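Numbering of ligands and ligand atoms starts at 1, following listing order. Residues take their numbers from the sequence shown, with the count starting at 1. None of the values given here were measured: they were computed from a predicted structure.
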Amino acid sequence: MSRITARLAGARKGWDSLFRRHTGPLTENLVRSPGGFGLGQVPAAQAPDATTAMTCGFCSTGCSLTIHLKQGEAIGLSPNTEYPVNLGMACPKGWEALTVLKAADRATEPLLRDATGRQRPVDWNTALSVFCQRMKAIQQRHGNEAVAFLSTGQIATEEMAFLGSLAKFGMGLVHGDGNTRQCMATAAVAYKQAFGFDAPPYTYADFEQSDVIVLVGSNLCIAHPIMWQRICRNRHRPEIIVVDPRKTETAMAATLHLALAPKSDLALFYGLAHLLIREGWIDADFIAAHTTGFDAFRRHVSDFTPERVAKATGIDEATLFRVAKLIHQGRSVSFWWTMGVNQSYEGVRAAQSLINLALMTGNIGRPGTGANSITGQCNAMGSRLFSNTTNLLGGRDFQNAEHRADVAGILGIDPRQIPDRPSWAYDQIIEGILQEKIKGLWVIATNPSHSWINQNMLRDVLSRLDFLVVQDMYTTAETAQQAHLVLPAAAWGEKEGTLINSERRLGLIKKVARAPGAALADFSIFRLIAEAWGCGAMFSRWTSPEAVFQSLKELSRGRPCDITGIADYRMLDERGGIQWPCQEGTADPAAERRLFADGAFYHEDGRAKFLFDAPRPQPEPPNDRYPLLLLTGRGTASQWHTQTRTSKSAVLRGLYPTEIYLEINPADARRLGIRPEQRVVVESQRGALLAKAFVTYTIRPGQVFLPMHYEATNRLTLAHFDPHSRQPSYKNCAVRVRPAGTAERVP
Ligand code: SF4
């Protein structure tokens with residue numbers, strides 16, 4: 001037996017004895033999962049060499065993939081032709097979803113940093129005991145709040161709920177946020193304030209039913225390619241209006257591209273509202289019956305004359321009028337947005353400026369309409385409802401005593417164990433570390449050392465922690481490399497649970513492959529930590545993902561996100577996913593459902609609110625020293641966020657540039673003496689990077705673009721945030737660019 005095999009055997013033995021106390025031995029765990037879908041136990045009707053369907057674990061589209069099994073294990077996949085989301089299609093990431101599980105750098109055993117600074121393998125017993133001892137020691141010395149967690153939109157809903165409940169109710173933590181702060185916080189807050197609940201109203205069928213589609217800050221062709229395919233199926237010859245400073249792939253395919261000045265979106269949409277009101281192109285009956293605040297909104301936009309808006313946005317007055325007229329003439333107009341709106345220092349008001357347009361024209365609750373935020377991660381919606389971070393379980397409020405009592409009653413815990421205030425947001429947790437209020441941090445399935453804004457500062461901040469724990473499927477993720485303790489996690493395909501997609505559809509993930517070495521499902525890790533911490537009794541009912549799903553149903557009862565009508569995992573499997581809400585007694589939930597068909601919103605008065613503010617100037621506009629504005633965004637359909645997974649597939653690597661590149665307009669390139677493909681130095685006040693110049697007219701003079709996927713990009717970005725959602729504004733900071741010397745390096 002090699003040393004590593006012996007070590008793994010030791011780790012397995014220690015872990016197995018602990019795990020067996022709750023679920024039985026390892027082999028039993030693998031073959032006996034209550035949902036009946038675990039590895040070695042595909043539904044009885046299926047032969048071991050059959051197929052089974054599950055939701056993709058990359059993006060929020062939530063495509064269904066048919067997994068081909070040999071003796072119960074996955075050997076390949078193909079897109080599910082029966083699923084109402086993807087209709088037999090998948091993007092390259094989905095096709096390669098199984099490949100990335102087999103990467104050489106999978107975390108296969110816990111790693112503990114020793115006195116020499118090296119991460120060395122330890123068994124699970126040691127890892128759990130170190131986790132508890134060091135986190136408790138920090139709490140004893142500095143108070144419970146000195147330990148925090150950062151969660152993710154990439155794990156199953158049941159796992160998120162377990163993590164948030166364990167941390168806050170069991171371990172006594174107050175502060176924990178998720179990486180959904182980086183993508184969806186703005187949309188969540190915008191909806192909550194406007195509708196009374198965080199409720200994206202649409203269904204993907206709306207892409208096919210609109211005759212005017214407005215896409216804002218969304219490069220749908222590559223960021224959500226299957227949603228773009230749904231637009232391509234639209235038989236109404238829709239007007240497709242793309243609002244984006246860059247001529248993206250989606251802008252090229254549009255019928256009208258509005259290349260507005262960066263961060264002038266609020267002025268643009270207020271200007272369109274001004275024109276719609278001026279021309280009488282509004283739905284006065286809908287406004288009167290279903291909304292509040294329109295008169296104040298009308299006064300607010302009266303100042304946004306076409307002349308003023310043309311100056312602010314760079315869109316001429318005739319085009320502004322043309323867009324207003326298209327919206328007026330459309331029978332079914334849908335407004336869609338994603339990160340170009342959400343990742344902004346005034347993103348909430350920008351999102352609400354789109355909600356306002358939908359409300360004032362009566363474009364909501366009907367087929368092909370809506371103010372529709374497109375989500376990023378596969379389970380950002382699950383996180384928004386059930387992660388128990390800044391919202392209490394089920395979209396409740398930590399500060400509401402009634403809500404705390406409800407949750408305590410459902411979970412059978414003492415209400416005093418529920419914090420009576422919400423968590424700090426992500427950036428406030430980082431700030432808390434800097435101010436030495438937080439000393440211990442537990443990071444789960446996210447990679448802030450790559451993805452967080454102003455990366456050099458973030459890495460410095462993390463290095464100040466007394467104890468950093470990273471729970472991840474790869475040891476090479478930048479944050480895992482900084483950790484004192486790495487907990488090896490099973491991945492999508494190696495565990496079960498539910499994900500909730502952009503259109504509120506719950507779908508299943510299943511265990512169709514074995515996790516490598518001693519890696520465990522996040523769910524199992526949380527169970528073991530609960531036991532080792534000494535709060536296992538509180539979670540005695542949390543025996544399996546499906547048992548937790550039953551609790552989530554109860555937590556949703558009577559809430560807008562009610563899912564009590566979904567009996568169990570099997571029903572989800574048989575129905576091709578089910579959208580929330582689905583109340584108990586719903587005999588046959590339709591495959592595609594949208595919200596607000598009755599014009600009833602979730603505020604107490606049943607009305608939606610018009611919300612607005614004056615646009616604010618950019619905090620760091622281009623200046624003499626840094627004369628260019630840096631935009632960031634998605635690069636290709638084959639890359640996912642920090643590339644911790646997609647970089648593990650040779651097929652995907654072959655579909656995108658492996659070296660970071662900078663899009664720069666030919667006029668700027670000429671002026672700066674930069675040739676195509678030349679290496680350039682890009683610098684902001686915070687850092688510098690080397691990139692290859694991509695000289696292209698897709699970016700306008702005075703602006704440059706870097707894809708978000710490369711590790712260096714966030715060395716440059718400026719840490720500034722929306723005041724309502726605290727979402728980082730990744731897409732605007734000042735930089736300068738120059739040709740690089742032949743042997744030039746940057747710090
Ligand atoms: S579009 Fe998203 S959900 Fe669909 S296959 Fe690609 S990554 Fe997966």
Side-chain angles (χ1 to χ4, degrees), residues 52-68 74 76-101 152-157 180 183-184 200 203-204 207-208 215 218-233 249-250 336 338-339 372-383 445 491-493 497-510 512 572 576-577 579 633-649 651-653 655-656 707-709:
T52 189
M54 60 194 273
T55 305
C56 177
F58 279 105
C59 91
S60 68
T61 307
C63 299
S64 177
L65 303 172
T66 301
I67 309 294
H68 302 257
L77 63 82
S78 55
N80 186 347
T81 54
E82 307 296 320
Y83 204 65
V85 168
N86 51 317
L87 311 171
M89 301 175 278
C91 83
K93 298 185 291 293
W95 279 103
E96 282 295 285
L98 292 171
T99 306
V100 301
L101 304 181
T152 176
Q154 294 288 153
I155 60 177
T157 314
T180 41
C183 63
M184 295 316 297
T203 178
Y204 294 153
F207 281 123
E208 300 181 22
L215 294 168
S218 161
N219 190 1
L220 208 67
C221 284
I222 62 160
H224 296 90
I226 303 307
M227 295 192 204
W228 178 253
Q229 291 302 317
R230 297 295 296 263
I231 289 180
C232 294
R233 288 164 51 94
E249 292 83 346
T250 314
W336 307 81
T338 181
M339 296 312 143
N372 305 330
S373 82
I374 299 170
T375 313
Q377 301 180 80
C378 59
N379 202 19
M381 191 73 241
S383 166
W492 169 94
T498 57
L499 308 177
I500 310 179
N501 78 354
S502 266
E503 52 160 6
R504 315 179 317 281
R505 183 180 304 277
L506 284 83
L508 276 181
I509 58 170
K510 302 175 186 175
V512 293
L572 275 178
Q579 289 175 288
R634 205 172 285 272
T636 69
S638 303
Q639 291 165 292
W640 181 247
H641 291 180
T642 66
Q643 299 195 127
T644 44
R645 276 186 290 172
T646 47
S647 67
K648 308 296 159 38
S649 155
V651 170
L652 295 178
R653 283 198 308 275
L655 292 171
Y656 62 78
M708 63 191 267
H709 313 288

Mark yes or no: Arg645 above the aromatic ring of Phe58, with NZ or CZ under 6.0 Å from the six-membered ring centre and no more than 45 degrees from the axis. yes

Donor on one side chain, acceptor on other, Ser78 and His68, under 3.5 Å: yes

Quick one: does any side-chain atom of Lys93 pair with a main-chain N or O of Ala637 as donor and acceptor, under 3.5 Å? yes

Under 3.5 Å, is there a donor-acceptor pair linking the side chains of Thr61 and Asn86? no

The number of protein N, O or S atoms lying under 2.8 Å from atom 2 (Fe) of ligand 1 is 1

Distance-only side-chain donor-acceptor flag, Ser502 / Thr375, under 3.5 Å: yes

Looking just at side-chain N and O atoms, do Gln377 and Trp640 make a donor-acceptor pair shorter than 3.5 Å? no

